[in-house]
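Everything on this sheet refers to the single structure shown next.
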Amino acid sequence: MGPFAEASNIPLTTRDAVARMPGVAEAGAINFQNIEAAHAGASLRLYVIGYEPEHPGGPQRIAEGRGIGTSHFELVADRKTGLLTGETIRLGRNRFVVVGLVEGAMNAGGDPAVYVTLSDAMALQTELDPAAQRVQAARGVVSVKSASVAAVIARMAPGADVDLLAATVRQWKHLAALTQAEQEEILLSSVVDLARRQIGLFLGILLSVSAVVIALIIYTMTMEKLKQIATLKLIGAPDRTIVALIVQQALILGASGWGIGLVLILTVKDYFPRRVVLEPFNAMVLAGIIFAVCIAASGLGVRAAMKVDPATALGS
Amino acid sequence: MTDGEILIDVKGVAKHFGDGETRVDALRDVDLQVRAGEVIALLGPSGSGKTTLLNVIGCILAPSAGKVTLDGETVFDGQWLRRDLRRLRLDKIGFIFQTHNLLPFLTAEENVAVVLDLAGWSVEKGRARAGDLLGYLEVDHRAAAKPALLSGGEAQRVAIARALANRPRIILADEPTAALDGKRAGLVMDLLRKLAVEQEACIVTVTHDEKIFDRFDRLVHLRDGRLADA
């Protein structure tokens, strides 16, 4: 299930084996690790992705600056790191120059990504190993990590059968092979599932609290309008008209809340530590839930309105 | 008393609240007839039963006994003979309140038209009728104003227009002049009389306002739930 749902470690030579397979246009090896780096007097948690320049696995689109042009000590960072092009930052024993910026690159935990060359990333892994392993490396023992990567990314040739290739890799190379859709599915159903459930729980709590608040507001507004409701009943308004008025109020309240919430989240979502993707379908589902909450919340007000005696409209 | 057709016919109506030691007789064997074109006042001290009688005629409160006939239709005879009392009120009765009770979120014209909307009129016809009524009551220049921006007299005239909107022949008024000064109270009563004559309606008013007693055709006194004299 690697490299997203669990740790994975495969030989670097796998990249060449995959690149030679029929239907593969090009292949690139990547690895990644989380590190803490000091920057501007603060600790910065980074998701370091090592990739081979000119091969798949690097940044999708450079928003500012350029891609990595040399073999060592250059990096491309996500904007959320706070790094600026031209700045330098120490990773491990070496100082890297920020040559470009990207947007929306982070891991499932929300740590912003930085891209370095695969060789730099592999060296960084070794440098961060415990002292004993560094001693072994000094003795000439080749570290297992120095020759291994987390995954190989293959780009298919036009018209190639990706499922057939994946099956071939599984059968003959004894490796897990995932299509992009399968990776996305793993990310959603496994890696971010817990976060999704947590957000769902918070959403449930917030909606419950909102329902109570809306119910109290509608109840208070109804109590303030008892005389008007009594007048409407007296002049012949049927219950459905009065119920419609109260439900309409609740729905206007809910729609306003939904609209303000939507504008707010669209305005501030880019400042969230994690990448927030709000699809139109999600917004519509939320609107549906709010609609149901408003209908339920207006029940208290409707109950109070139904009890109003039309006779109370008479007299001062 | 006029010789128009009988629009309100209350016979042997009684109403009591509670039972046993807590029983209170609000109305006892009340007989009352009101004819088209008549403007009458229900008078009496607090607790005499005038509001209860108004509520019974207005089909808001079921009598304990008796028979009530409105505009030729017997609506209560031991029990309500109509299931939908709100529709009955909408069709037959117009209400005028002490404080105008206009809906604050609607304009003067919309306040009148809302009754017609409830009665099933089309929006265009309802607005036209509302406009006509406001013109008839000389308050059409305020048709677009919200109640908060109307003077006391204007608001009460809009309320009267609302009461007349669905052409009811029975108008029940609860202290309609209480919030008005003497001059405006007289104008409102003159207006009600004009309506009663021109629309062949009857007007039953609960009032304590002595300055308008001379504007009524009859003063109906209630004491301890009984008609004292008429």
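Predicted model only: the values in this text are computed from it and were never measured. In what follows, chains are A, B, ... by sequence order, proteins preceding strands, each numbered from 1.
In this structure, B:Arg28 contributes its side chain and B:Gly225 its backbone to no donor-acceptor pair below 3.5 Å. Judged by distance alone, with hydrogens and angles left aside, the side-chain atoms of A:Lys233 form a donor-acceptor pair with the main-chain N or O of A:Ala305 at under 3.5 Å. With hydrogens and angles disregarded, no donor-acceptor distance shorter than 3.5 Å links the side chain of A:Lys80 to the backbone of A:Gly104.
Residue B:Leu90 touches chain A through both its backbone and its side chain, counting heavy-atom pairs closer than 4.5 Å. Looking at A:Asp309, only its side chain comes within 4.5 Å of chain B, counting heavy atoms on both sides.
Contact count versus chain A (heavy atoms, under 4.5 Å) is highest, among B:Gly58, B:Ala119, B:Pro104, B:Gly94, for B:Pro104.
The environment of CZ in A:Phe291 is sparse: at most 12 heavy-atom neighbours from other residues, nucleotides or ligands sit within 6.0 Å.
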